[in-house]
Amino acid sequence: MSIFDRISAHAVVPVIALDDPAAALPLADALIEGGLPVAEITFRTSAARATIEAIARARPELLVGAGTVLDEAQLDQAVDAGARFALSPGLDAAVLAHAAKRGLPFAPGIMTPTDLQAALRAGCSMVKFFPAMPAGGPSMLKNIAAPYLHTGIRFNPTGGVSMDNLADWLSLKEVAAVGGTWIATRADIAAGNWSKITANARAAVARVAEIRGNS
Ligand SMILES: O=C(O)C(=O)C[C@H](O)[C@H](O)COP(=O)(O)O
């Protein structure tokens with residue numbers, strides 16, 4: 001199974017901004033306990049590299065990726081730390097070329113057909129649709145994706161996704177998995193609210209099972 005197939009099987013990717021790498025393993029354990037062993041650790045904080053490294057080393061059962069990867073240096077840090085995939089809110093051809101060179105599955109962010117064609121030209125099989133709700137929501141994505149479905153491209157809508165609109169996104173077959181911060185918020189991580197994060201993960205997993213009809 002490819003990495004993006006594994007992400008698709010989870011259907012929800014917790015997007016994490018974490019300030020203290022000491023929270024890495026408690027966070028990983030909270031997600032694992034909630035039945036959602038996948039995380040996008042964003043390079044929005046300087047704790048990203050150490051967090052990815054700690055999880056990759058001590059919790060290999062959690063599929064850990066890097067988010068908000070903006071340049072080649074961050075991509076190198078992500079790969080060296082053990083990230084299994086990477087994403088970015090936007091598309092940078094040089095970063096994509098570097099990801100290919102380092103063998104890291106990379107989903108760049110797109111918001112227009114032109115972005116999407118640049119991603120296809122670079123050989124991407126998954127893209128982030130960002131910012132998903134403000135950009136027009138599921139109906140916008142459905143319309144942008146329509147001419148490209150034959151390419152097999154899959155989407156990771158992120159930005160404004162919540163339990164309330166999860167079903168609308170996952171009912172689109174071109175959506176592999178949504179991303180969102182609601183499962184493990186920066187505040188809950190900082191406060192050590194692990195049981196709340198586990199409960200959020202569990203609720204998302206249950207909802208995905210309902211929506212995909214395999215509960
Ligand atoms: O940093 C990245 O790589 C991003 O793609 C942006 C985030 O995923 C969104 O900011 C999610 O934000 P929420 O709307 O709170 O779920």
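Just so you know, ligand 1 is whichever comes first in the structure, and atom 1 is the first atom listed for that ligand.
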Give the atoms of ligand 1, by number and element, whose distance to some non-hydrogen atom of G180 is under 4.0 Å. 16 (O)

Nearest protein heavy atom with distance in Å, relative to atom 14 (O) of ligand 1: G160 N, 2.7 Å

Tell me: protein heavy atom nearest atom 5 (O) of ligand 1, and distance? K128 NZ, 2.9 Å

Does the side chain of H98 come under 3.5 Å of the side chain of D71 through a donor N or O and an acceptor N or O? no

Atom 8 (O) of ligand 1: nearest protein contact (heavy atom, Å): T158 CG2, 2.7 Å

For the CZ atom on R154, are there more than 12 heavy atoms of other groups (residues, nucleotides or ligands in this structure) within a distance under 6.0 Å? yes

Distance-only donor-acceptor check, side chains Y148 and E174, under 3.5 Å: no

Which residue and atom name correspond to the protein heavy atom nearest atom 1 (O) of ligand 1, and how close is it? T68 OG1, 2.5 Å

Taking only non-hydrogen atoms of E40, do any sit less than 4.0 angstrom from ligand 1? yes

N165 side chain vs G160 backbone, donor-acceptor pair below 3.5 Å: yes

How far is atom 12 (O) of ligand 1 from the closest protein heavy atom, and which atom is that? T181 CG2, 3.7 Å

Mark yes or no for whether E53, through its side chain, and R49, through its backbone, hold a donor-acceptor pair below 3.5 Å. no

Can you tell me which residue and heavy atom of the protein come closest to atom 10 (O) of ligand 1, and the distance to 0.1 Å? R44 NH2, 3.4 Å

Donor-acceptor contact present, side-chain D92 to main-chain V95, <3.5 Å: yes

When you compare the side chains of S8 and D5, does any donor N or O come within less than 3.5 Å of an acceptor on the partner? no

Using non-hydrogen atoms of the residue, decide whether V15 is closer than 4.0 angstrom to ligand 1. yes

